[in-house]
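Single-structure report; data block below.
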Protein chains: 2
Amino acid sequence: MRNTELLPATVAGSCCAPPMRKTLGAKDAESMAAALKALSDPTRLRLLSIVAAAAGQEACVCDLTGPVGLSQPTVSHHLKILMDAGYLTRTKRGTWAYYALVPGALDRVSQLLATV
Amino acid sequence: MRNTELLPATVAGSCCAPPMRKTLGAKDAESMAAALKALSDPTRLRLLSIVAAAAGQEACVCDLTGPVGLSQPTVSHHLKILMDAGYLTRTKRGTWAYYALVPGALDRVSQLLATV
DNA sequence: GTCTTATATTGACAAACGTCGATGTACCGG
DNA sequence: CCGGTACATCGACGTTTGTCAATATAAGAC
């Protein structure tokens, strides 16, 4: 073991040494990983993309099963994951369920990534 | 799929309107999901964070096993995943292997997210 | 009421994942 | 040479994931 002092957050008075930043805590890493895991599937990314591209930024399930080429239960499953992760909202009108983007949700994750 | 032609034109537009933007292709979604999957694990996020916070933005495995509290093979496994995904580089000096951040790799993914 | 349509839920399955212990490989000091 | 250290790889394990067919629910249409 090399035993360098990695963990102290700040080193006073060093001018040329690169700054030692605070590292990600276990709890923060857990929630951030959960947010990214919901996005780490090609089908879910495409679903988000289709919803984002739709007029009014909302789409019903019947408009999504075709483009992604998967069964309706599978698409509903992915939509639920995206909803639980806070990327989509669901609005039921009549027989149809309309999924819409949560404004700023993707941007928030995008900015989170820059803080790692 | 809904039978749109049986509905009045004004109502049909509310559900099955054509997409206004270009949606994510299958191949793009696949590679983007792979980039995100490498980041969707709390241990890997912490490893990246520790390397980023280290002086000189590099750290050897012996400096990483302690903070994340996992076995050395497991840490090596995660580091390999981060390397294969293009987030880390490995430089062997003597007996030690130094992992360093690939500059801009995280920012690139961060910006990719904004395009979904 | 019944029938049809749109969506959610369940159950099952194979594949992928995270983790560990054991082992292999490479390097350095005696 | 031999021993020890740092790291990678292998094999096995329980868990999670993505997918589908079957079923359930809910809301019009008739």
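We use all heavy atoms of the structure for the numbers below, so side chains are in, but hydrogens, waters and symmetry mates are not. Below, read A as the first sequence line, B as the second, and so on, with proteins coming before strands; counting in each chain starts at 1.
You'll find a donor-acceptor pair under 3.5 Å spanning the side chain of B/Q72 and the base of D/dA8, going by distance alone.
Hydrophobic clustering, with ILVMFWY side chains joined whenever heavy atoms are under 4.5 angstrom apart, keeps A/I81 apart from A/V75.
The nearest whole Å value for the distance from the CG atom in A/L45 to the P atom in D/dG18 is 11 Å. Distance A/L36 CG to C/dC17 P: 16 Å, rounded to the nearest Å. When the P atom of C/dG18 is taken as reference, atom CG of B/L70 falls 11 Å away, rounded to whole Å. Remark: C1' of D/dT19 and CG of A/L47 are 14 Å apart, rounded to the nearest angstrom. One atom, CG of A/L39, and another, C1' of D/dT17, lie 16 Å apart when rounded to the nearest Å. Atom CG in B/L64 sits about 17 Å away from atom C1' in C/dT19, given to the nearest Å.
Taking 4.0 angstrom as the limit, A/Y99 places none of its side-chain polar atoms (N or O) nearer than this to OP1 or OP2 of C/dA6. The phosphate of D/dC20 has OP1 or OP2 within less than 4.0 Å of a side-chain N or O from A/S71.
Side chain of A/K37, nearest nucleotide from D/dT17, D/dA8, C/dT19: D/dT17. For A/T95, whose side chain is taken as the heavy atoms from C-beta onward, the closest listed nucleotide among C/dT7, C/dT5, D/dA21 is C/dT5.
Looking at residues two or more places apart in sequence or on another chain, you find a side chain to side chain donor-acceptor pair (under 3.5 Å) between A/S110 and B/S110. Remark: B/S76 engages B/Q72 in a side chain to side chain donor-acceptor pair (under 3.5 Å) (not counting sequence neighbours).
A/S49 and B/V116 get closest at one heavy-atom pair: N-CG1, 4.0 Å.
With hydrogens and angles disregarded, a donor-acceptor distance shorter than 3.5 Å links the side chain of B/R44 to the backbone of B/K37. Between the side chain of B/Y99 and the main chain of B/L48, no donor-acceptor pair closer than 3.5 Å is present.
Of the residues in residues 74-94 of chain B, those with a non-hydrogen atom less than 4.0 angstrom from any atom of DNA chain D are B/S76, B/K80, B/R90.
The one candidate from B/K92, B/R90, B/R93 that meets the salt bridge (charged side-chain N to carboxylate O under 4.0 Å, His left out) condition with B/E58 is B/R93.
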